[in-house]
Amino acid sequence: MSTTSAVPSDGTAAAPEVPRSRIVVASMVGTSIEFFDFYIYATAAVLVFPKLFFPAGNETTALLASFATFGLAFVARPVGSVLFGHFGDRIGRKATLVGSLLTMGAATFAIGLLPTYAAAGLWAPALLAIMRFTQGVGLGGEWSGAALLATETAKPGKRAWAAMYPQLGAPIGFFFANGIFLLLVVITGYDSANSATDHAFLTWGWRVPFLLSAVIVIIGLYVRLKLEETPVFKLAVARGQKVKTPLAQVFRTSWRQLILGTFIMLATYTLFYIMTTWVVSYGTGKVSDAGGPKITIAYTDFLELQLIAVLFFAALIPVAGLLADKYGRRPTLIIVTIAIIAFGLSFHWFAAPESATAGRMLVFMCIGLGLMGLTFGPMSAVLPELFPTNVRYTGSGISYNTASILGAAVAPFIATWLVSSYGVGWVGVYLAVAAVLTLIALILMKETRDQSLTD
């Protein structure tokens, strides 16, 4: 069994400490929980919250209000990246990862216990917003910690491959979240178009995934508490390289990397939440195309299509890790980003209501989530490699989570407005513009494949 080695002062490997398999599981289980929590909220934001947590009225208005609470977590994520980044760079990766997981898990569990608008009035959406914000704070420290756990323990020349394991948590979390929702919808016989608000799914069924998250969090905590600190961080401590205020230090010494990292992630986030959150509301007829026709695929059928498409997402993440190690981060991501631009410009052909079929929508989502795997796979290597060890947790977290505001937080809201006002083709143009900004950032960045994390 391979192990993680301590790194002495000269940067070479020393005595083995932690089995590599434990690090893989710890990094993957954390991001699996992270994305499970976020996907169940994203699904509920389309299917449940507009009906149960907001006053009855215009359906599109309720959906937009629900997406606004969905976006709150992304506003909170930079707060979490600063908070947990400070402790991650000051006291270590392990303890901080435990704290971020507990914060996120507690908020997700609490959402499953909240009263609805019918029971608590305006307190219902207010409490939902508070829990969503808290969930986002925890998530703000989760991804960067998992990424550092993978990259700072990787063998030379294998960092992108090692870093793809936490990225695999995204499709794993997506698959289980949507799979559980699909199972509940089938068991309760829920029809999103016709079922009343006292239906079993809307009464108790939707709460089950949120409450189940507690079980997964306990498993994640068990694995993470058995970890050791990363050898790269130990070396930084031994060299006396820790700083008192990582936030001030990263803005003083690495501001250019912060900007580049943010825009490098922009297309990834925009693509991700268009293809996983907005597409559900569009594909199931929650919003019309430019005030005209709607796609009318049944919700259960659409979830089945998504579960097939997410397999492409999962399959191409390891491919991206291999390509990024062999050819470099920069050329791999430049080619993928150009492909995302082309995909964005094809939205009208794939998804216009007058020509969209279940088969065409499946191809549409398979391409989109396949591209997502290729662009997402190397990110947990790229962003940490931009920053020195003493501000790596803070810097990679701020870049990742600031991109979430510019990309993910507003993507479902903007896409819903664009499709209802101008048509689905403009949603693709929006994605293409985000990808052009990412392409510019990639052209400006330096290749980081051969950079030592101990320098």
Side-chain angles (χ1 to χ4, degrees), residues 23-24 27-28 30-31 34-35 142-172 174 232 257-258 260-272 275 312-341 343 368-387 392-393 395-397 399-404 407-408 434-435 437-453:
I23 293 171
V24 168
S27 62
M28 191 187 299
T31 49
E34 164 193 339
F35 284 97
E142 172 59 37
W143 178 88
S144 51
L148 266 58
L149 178 63
T151 56
E152 291 187 345
T153 56
K155 294 180 180 179
K158 299 289 185 181
R159 278 205 301 262
W161 175 257
M164 70 89 185
Y165 285 105
Q167 305 302 76
L168 275 176
I172 290 171
F174 181 96
V232 172
Q257 292 94 317
L258 285 173
L260 286 176
T262 297
F263 283 97
I264 286 168
M265 272 299 302
L266 180 62
T268 303
Y269 261 130
T270 306
L271 174 64
F272 196 35
M275 299 309 301
F312 287 80
F313 181 16
L316 289 174
I317 285 175
V319 173
L322 289 171
L323 292 174
D325 274 336
K326 184 174 183 179
Y327 299 107
R329 287 60 163 136
R330 190 168 172 268
T332 300
L333 288 173
I334 285 175
I335 292 172
V336 174
T337 304
I338 291 171
I340 293 172
I341 295 170
F343 175 65
L369 287 174
L371 288 170
M372 181 61 208
L374 291 173
T375 185
F376 190 59
M379 286 299 173
S380 57
V382 173
L383 295 189
E385 287 170 351
L386 291 174
F387 299 93
R392 185 170 293 134
Y393 205 126
S396 59
S399 292
Y400 184 84
N401 293 301
T402 303
S404 76
L437 294 174
T438 290
L439 183 61
I440 294 170
L442 289 168
I443 291 171
L444 293 174
M445 78 170 276
K446 296 179 180 179
E447 179 56 57
T448 59
R449 179 183 60 179
D450 300 321
Q451 182 170 307
S452 172
L453 293 184

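Residue numbers count from 1 along this sequence. A quick note: this is a predicted structure, and the numbers were derived from the prediction, not measured.
- No donor-acceptor pair closer than 3.5 Å links the side chain of Gln257 to the backbone N or O of Phe387.
- Separation of the Phe313 and Phe272 ring centroids falls under the 6.0 Å cut-off.
- Pairing each heavy atom of Ser380 with each of Met164, the nearest pair is OG-N, 4.2 Å.
- Remark: aromatic rings of Tyr269 and Tyr400 are close, center separation under 6.0 Å.
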Checklist entry - When you look at Ser396 and Ser144, which way does the side chain to side chain donor-acceptor pair (under 3.5 Å) test go after all the steps? => result CA-CA 6 Å; Ser396 59; Ser144 51; 4.6 Å; no

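- Here the straight-line distance linking atom OG1 of Thr375 with atom CG of Leu266 works out to 10.5 Å at 0.5 Å rounding.
- Across all their heavy atoms, Phe376 and Ile317 have their closest contact at CD2-CD1, 4.3 Å.
- Using a 4.5 Å heavy-atom cutoff, the side chains of Pro331 and Glu447 are in contact.
- The distance from atom CG of Leu442 to atom OG1 of Thr337, rounded to the nearest 0.5 Å, is 5.0 Å.
- Of all heavy-atom pairs between Phe263 and Ala441, the closest is CB-CB, 3.8 Å.
- Judged by distance alone, the side chain of Thr151 and the main-chain N or O of Arg159 form no donor-acceptor pair under 3.5 Å.
- How far CD1 of Ile440 is from CD1 of Ile334: 11.5 Å, rounded to the nearest 0.5 Å.
- Ser399 places a side-chain N or O within 3.5 Å of a backbone atom of Leu258 that can act as its donor or acceptor partner.
- Panel note: side chain Arg392, backbone Leu453; a donor-acceptor pair is recorded below 3.5 Å.
- Counting all heavy atoms, side chain and backbone alike, Ile341 lies closest to Ala435 at CG1-CB, 3.4 Å.
- The ring-ring contact (aromatic ring centres under 6.0 Å, His included) pairs that include a residue from residues 314-336 number zero, where partners must be two or more places apart or lie in different chains.
- Nearest heavy atom pair, residue Pro318 against residue Trp161, reads O-CZ3, 3.6 Å.
- Distance CD1/Ile264 to CZ/Arg330: 10.0 Å, rounded to 0.5 Å.
- Judged purely by atom type and a 3.5 angstrom limit, Arg449 uses its side chain to pair as donor or acceptor with the backbone of Lys326.
- Note that CG of Leu374 and CE of Met372 are 10.5 Å apart. Values are rounded to the nearest 0.5 Å.
- For the pair Thr270 (side chain) and Ala434 (backbone), a donor-acceptor distance under 3.5 Å is absent.
- For the pair Ala150 and Ala163, the tightest heavy-atom approach, listed with the atom from each and the gap, is CB-CA, 4.0 Å.
- Summarising the local packing, CZ of Phe312 is surrounded by 12 or fewer heavy atoms from other residues, nucleotides or ligands at distances under 6.0 Å.
- Atoms CD1 and OG1, on Ile340 and Thr268 in that order, are 6.0 Å from each other to the nearest 0.5 Å.
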